[in-house]
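Letters go in sequence order (proteins before strands), and every chain restarts at 1.
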Amino acid sequence: MPTPRVRFAPSPTGYLHVGGARTALFNWLFAKHTGGTFVLRIEDTDKERSTDAHTQVILDGMTWLGITWDEGPHFQGTYGDRHRADAERLLAAGHAYKDFVTPDELDAARARARKLGATFRYRRAEMELPTDEQARRISSGMPYAIRFAVPDEEIAWDDAVHGRISWQGRDLDDFIILRSDGSAIYNMAVVSDDIAMAITHVIRGDDHISNTPKQVALYRALGVAPPVFAHVPMILGRDGKKLSKRHGATAVGDYQDMGIMPAAMRNFLALLGWSPGDNDEIVPEADMIARFSLEAIQKKAAVIDTTKLEWMNGQYLSRLSADELLAPVVRQLGVLGVDAGTRDLRPVIDAVKARARTVTHIAEQVAARIDASHVKPDEKGAVLIAKLGTSYSNNLLLAFNATGRIAAADWNATTIEATLRALADSSSLKLGDVMQPIRVALTGGTVSEPVPELLVVVGREESLGRMRRAAEGSTGY
RNA sequence: GCCGCUAUCGUCUAGAGGCCCAGGACACAGCCCUCUCAAGGCUGGAACACGGGUUCGAAUCCCGUUAGCGGUACCA
């Protein structure tokens, strides 16, 4: 087998959709696994809807995800001459014909068929105008489209994920390959490009299955062996319907904004429709590449479950070092409007990352620790304060006095913990009775890293200040 | 309507005739650990769409039904 060449060919008519991202990922994984080449081709032939901004968003999304391309981006719009030449080659060889039927006449024919309850199918024999009428239209300079004459024969291929898929030529329309303005239609452009770019494996979404018989027919007529096709299943929303805006996040940029890490996103997307074959869930990139195969891809569409994505992201977050997390956290901090100044955030990140499921969540906690104005009192914190009543401030005061005696140089988790445990023992309080008020005083809530670590991260002066203010009831929480 | 694809726990999946009265993960419930939470450990409930075949034996093969999805453009 020659070295594989695959392509990802998005249309820049919208954002990079998660379904597209996964298709790109499968192409990338396959290329990496086989040592092949990943070609990026932007299919911008729909001039109405394509924009440079969309192209940039797609490129950015892939870059963020870590899906790198080896060649391109090619822009399909620049290959119009070749598309046209291929279509005309088909015409010259008798595989295609000129179609003078106007769109209006076509609509009428379709409407007639519908009225009769019949299935409309564009057939040369039925639609072709009499020769004298054709001649008249040619001489009057009327524009014409070029249609491909679909042969009445079986058109089948061995799909790498579905196995054999078979169509009958008679079920297909004689489809247009060149518009009357001389530009190629999708199927023609794709086949022309895939041949020119020597694509060996076309890995694309299931929604293209119905285009494939047309493309296979084009390959045959052009005398070129078709590539291997692999149609990967679609990604559906919670309700089993096609993923759309009303399902929430659909663009990869949305996930970045949610605080998902690229590696987690890749892992999650890969396991949506593909399985390494055993019970592994967290699959490192190198393993993924080594174990990837088209045959192991699921045939069935998958419903996206963002809860599992967040769980997976949490797994990555707790494994990633503070160094690796620093840049994404700073980015999110910026979104939250927090300026960390010159402060080294890494110890803070280390303290909170184990409990976080998203980078956003980390950033919020970091913000609350480095700046009291970002403390967000929550429901459970308020409930605890109410439940404790006067002992809330009493215990806080005890803790304030005890920890206040720790010298700045000794302000570390070990010493603080020993001090607080001693306090609990001597005052016959449960450890939780001294720890929880501190937690609420410092974070506004009942959940955080262990209290001694929290005190270290927030810092001695700031911690004592927050405790004192809370004990005096002057903070409002 | 027609053509095509698909069908295992709520969700993602393992399973390619006996290893499966179906395994893992997320979610959910309980317990352990514990200053809280998360993580981790343990336990529990939870699925082979339906009906026919083939076979000594079927989640796995075949046929049908049903359902979902995709397509049916001078869109991509």
Side-chain angles (χ1 to χ4, degrees), chain A residues 9-13 43-46 48-50 76 99 101-103 106-107 110 113-114 117-122 143-147 159 162 165-168 170-173 175-181 183-187 189-190 205-213 231 233-234 236 238 240-242 268 271-282 295 298-312 314-315 317-318 352-357 380 384 417 420-421 424 430-440 443 445-452 454:
Chain A
S11 301
T13 53
E43 305 207 326
D44 57 348
T45 51
D46 184 346
E48 297 292 304
R49 298 190 296 150
S50 300
Q76 189 163 57
D99 173 24
V101 177
T102 65
L106 237 184
D107 285 345
R110 272 195 258 266
R114 193 167 5 187
T119 302
F120 177 80
R121 201 126 281 158
Y122 195 109
Y144 57 87
I146 294 181
R147 265 184 205 273
D159 197 277
H162 292 274
I165 296 181
S166 170
W167 292 64
Q168 292 300 327
R170 73 181 75 95
D171 290 326
L172 264 27
D173 277 279
F175 56 94
I176 288 182
I177 53 178
L178 208 62
R179 296 184 185 90
S180 50
D181 69 359
S183 65
I185 225 75
Y186 174 73
N187 284 307
V190 166
D206 252 357
D207 48 340
H208 283 289
I209 286 183
S210 52
N211 283 135
T212 305
H231 291 94
M234 320 238 60
L236 273 21
R238 261 257 159 244
K241 303 278 184 224
K242 195 172 168 185
F268 176 75
L271 261 49
L272 202 57
W274 174 77
S275 163
D278 58 20
N279 291 332
D280 289 353
E281 298 286 338
I282 305 298
E295 290 69 27
Q298 189 83 12
K299 295 182 181 72
K300 181 180 63 165
V303 172
I304 191 167
D305 177 5
T306 46
T307 306
K308 187 161 184 176
L309 203 211
E310 290 195 3
W311 165 78
M312 191 168 274
Q315 293 288 317
L317 252 25
S318 54
V352 304
K353 72 187 173 87
R355 262 159 309 282
R357 289 202 154 192
K380 288 188 176 165
L384 189 87
E417 177 156 6
L420 290 173
R421 282 185 186 276
K430 282 187 289 186
L431 195 53
D433 290 336
V434 1
M435 295 294 201
Q436 281 300 66
I438 299 176
R439 176 137 41 216
V440 175
T443 68
T446 57
V447 171
S448 84
E449 61 271 44
V451 166
L454 174 65

Item to check | Sole residue of A/Ile185, A/Ile146, A/Asp99 in side-chain contact (heavy atoms from CB on, under 4.5 Å) with A/Leu178 | outcome: A/Ile146
List every contact pair, protein side and nucleotides 70-74 of chain B side both N or O, where the distance is under 3.5 Å.
unit_1 : atom_1 : unit_2   : atom_2 : d
B/G70  : O2'    : A/Asp207 : O      : 3.4
B/G71  : O4'    : A/Ser210 : OG     : 3.3
B/G71  : O2'    : A/Ser210 : OG     : 3.2
B/C74  : O2     : A/Ser180 : N      : 2.9
B/C74  : O2     : A/Ser180 : OG     : 3.0
B/C74  : N3     : A/Ser180 : OG     : 3.1
B/C74  : N4     : A/Val101 : O      : 3.3

Checklist entry - Using purine N1 to pyrimidine N3 plus N6-O4 or O6-N4 for Watson-Crick, or N1-O2 and O6-N3 for G-U wobble, both under 3.5 Å, which nucleotide pairs with B/C21? => result none
Checklist outcome for this item: dist A/Gln436:CD -> A/Arg439:CZ (nearest 0.5 Å) comes out at 4.5 Å
Next on the checklist: Students often get this wrong, so: under 4.0 angstrom with heavy atoms, is A/Thr45 touching a base, only sugar-phosphate, or nothing?
Outcome noted: sugar-phosphate
Item to check | Set of salt bridge (Lys or Arg N to Asp or Glu O under 4.0 Å) partners for A/Arg179, sequence neighbours left out | outcome: none
Next on the checklist: Applying the Watson-Crick and G-U wobble criteria at under 3.5 Å, what pairs with B/A7? Answer none if nothing qualifies.
Outcome noted: B/U66
Checklist entry - Does a side-chain heavy-atom distance below 4.5 Å link A/Arg355 with A/Ser318? => result no
Item to check | Short side-chain to backbone donor-acceptor contact, A/Thr443 and A/Val440, under 3.5 Å | outcome: no
Return the polar atom pairs (N/O with N/O) between nucleotides 8-18 of chain B and the protein under 3.5 Å, or none.
unit_1 : atom_1 : unit_2   : atom_2 : d
B/U8   : OP2    : A/Lys300 : NZ     : 2.4
B/C12  : OP1    : A/Val303 : N      : 2.9
B/C12  : O2'    : A/Leu271 : O      : 3.0
B/C12  : O2     : A/Lys308 : NZ     : 3.4
B/U13  : OP1    : A/Gly273 : N      : 2.5
B/A14  : OP2    : A/Gln298 : OE1    : 2.9

Next on the checklist: Over all strands shown, is A/Lys380 touching base, sugar-phosphate only, or nothing at heavy-atom distances under 4.0 angstrom?
Outcome noted: nothing
Next on the checklist: Side chains of A/Val447 and A/Lys380, heavy atoms from C-beta outward: is any pair under 4.5 Å?
Outcome noted: no
Sub-3.5 Å pairs of nitrogen or oxygen atoms, protein against nucleotides 35-40 of chain B:
unit_1 : atom_1 : unit_2   : atom_2 : d
B/C35  : OP1    : A/Arg421 : NH2    : 3.2
B/C35  : O2     : A/Arg439 : NH2    : 2.4
B/C35  : N3     : A/Val451 : N      : 3.3
B/U36  : O2'    : A/Thr446 : O      : 2.8
B/U36  : N1     : A/Arg439 : NH2    : 3.1
B/U36  : O2     : A/Arg439 : NH1    : 3.4
B/U36  : O2     : A/Ser448 : N      : 2.9
B/U36  : O2     : A/Ser448 : O      : 3.1
B/U36  : N3     : A/Arg439 : NH1    : 3.1
B/U36  : N3     : A/Ser448 : O      : 2.7
B/U36  : O4     : A/Pro450 : N      : 3.4
B/C37  : O2     : A/Arg355 : NE     : 3.4
B/C37  : O2     : A/Arg355 : NH1    : 3.3
B/A38  : O2'    : A/Ala354 : O      : 2.9

Next on the checklist: Does the structure show a Watson-Crick or G-U wobble partner for B/C61, both distances under 3.5 Å? Name it, or say none.
Outcome noted: B/G53
Checklist entry - Rounded to the nearest 0.5 Å, what separation is found between the CG atom of A/Asp433 and the CD1 atom of A/Ile438? => result 11.0 Å
Checklist entry - Which value, rounded to the nearest 0.5 Å, describes the distance between A/Glu281 atom CD and A/Leu271 atom CG? => result 6.0 Å
Checklist entry - Rounded to the nearest 0.5 Å, how far does CE of A/Met312 lie from CD1 of A/Ile282? => result 4.5 Å
Next on the checklist: Is there a side chain to side chain contact (heavy atoms under 4.5 Å, CB included) between A/Val190 and A/Gln76? Walk through the geometry before answering.
Outcome noted: CA-CA 9 Å; A/Val190 166; A/Gln76 189 163 57; 4.3 Å; yes
Checklist entry - Say you draw a straight line from CZ of A/Arg121 to CG of A/Asp173; how long is it, rounded to the nearest 0.5 Å? => result 6.0 Å
Checklist entry - Atom CG of A/Asp159 and atom CD1 of A/Ile165: how far apart are they, to the nearest 0.5 Å? => result 4.5 Å
Checklist entry - How far does the P atom of B/A46 sit from the matching atom of B/G10, given to the nearest Å? => result 11 Å
Checklist entry - Which value, in whole Å, describes the distance between the C1' atoms of nucleotides B/C31 and B/G45? => result 15 Å
Item to check | Complementary nucleotide for B/A46 - Watson-Crick or wobble, under 3.5 Å | outcome: none
Checklist outcome for this item: Any strand, both distances under 3.5 Å, Watson-Crick or G-U wobble: B/C2 pairs with B/G71
Checklist entry - Quick one: on RNA chain B, does A/Thr119 or A/Asp280 contact a more 5' nucleotide (nearest heavy atom)? => result A/Thr119
Item to check | Euclidean distance for C1', B/C61 against B/U43 (whole angstrom) | outcome: 38 Å
Checklist entry - Just how far, in rounded Å, is C1' of B/U6 from CD1 of A/Ile165? => result 11 Å
Next on the checklist: Say we look at B/A49 and B/U11: how far apart would their P atoms be, to the nearest angstrom?
Outcome noted: 12 Å
Next on the checklist: What contact category does A/Ser166 fall into here, base, sugar-phosphate, or nothing, at under 4.0 angstrom with non-hydrogen atoms?
Outcome noted: sugar-phosphate
Checklist entry - For atom C1', what is the distance between B/C9 and B/A59, given to the nearest Å? => result 13 Å
Checklist entry - Got a sec, which residues hit ring pair (Phe, Tyr, Trp, His ring centres under 6.0 Å) with A/Tyr122, two or more places apart in sequence or on another chain? => result none
Checklist entry - Mind checking the P distance from B/C35 to B/C28? Whole angstroms is fine. => result 24 Å
Next on the checklist: Would you measure the distance from the C1' atom in B/U8 across to the matching atom in B/A22 and give it in whole Å?
Outcome noted: 8 Å
Identify the pairs formed between an N or O of the protein and an N or O of nucleotides 62-66 of chain B at a distance under 3.5 Å, and give each distance.
none

Checklist entry - Considering only the P atoms, how many Å lie between B/G44 and B/G24, rounded to the nearest integer? => result 10 Å
Next on the checklist: With heavy-atom distances below 4.5 Å as the criterion, would you say the side chains of A/Asp305 and A/Trp311 are in contact?
Outcome noted: no
Checklist entry - Between A/His231 and A/His162, what is the ring plane arrangement, given parallel below 30°, perpendicular above 60°, and tilted in between? => result tilted
Checklist entry - Considering every strand shown, what is the Watson-Crick or G-U wobble mate of B/C35 when both distances are under 3.5 Å? => result none
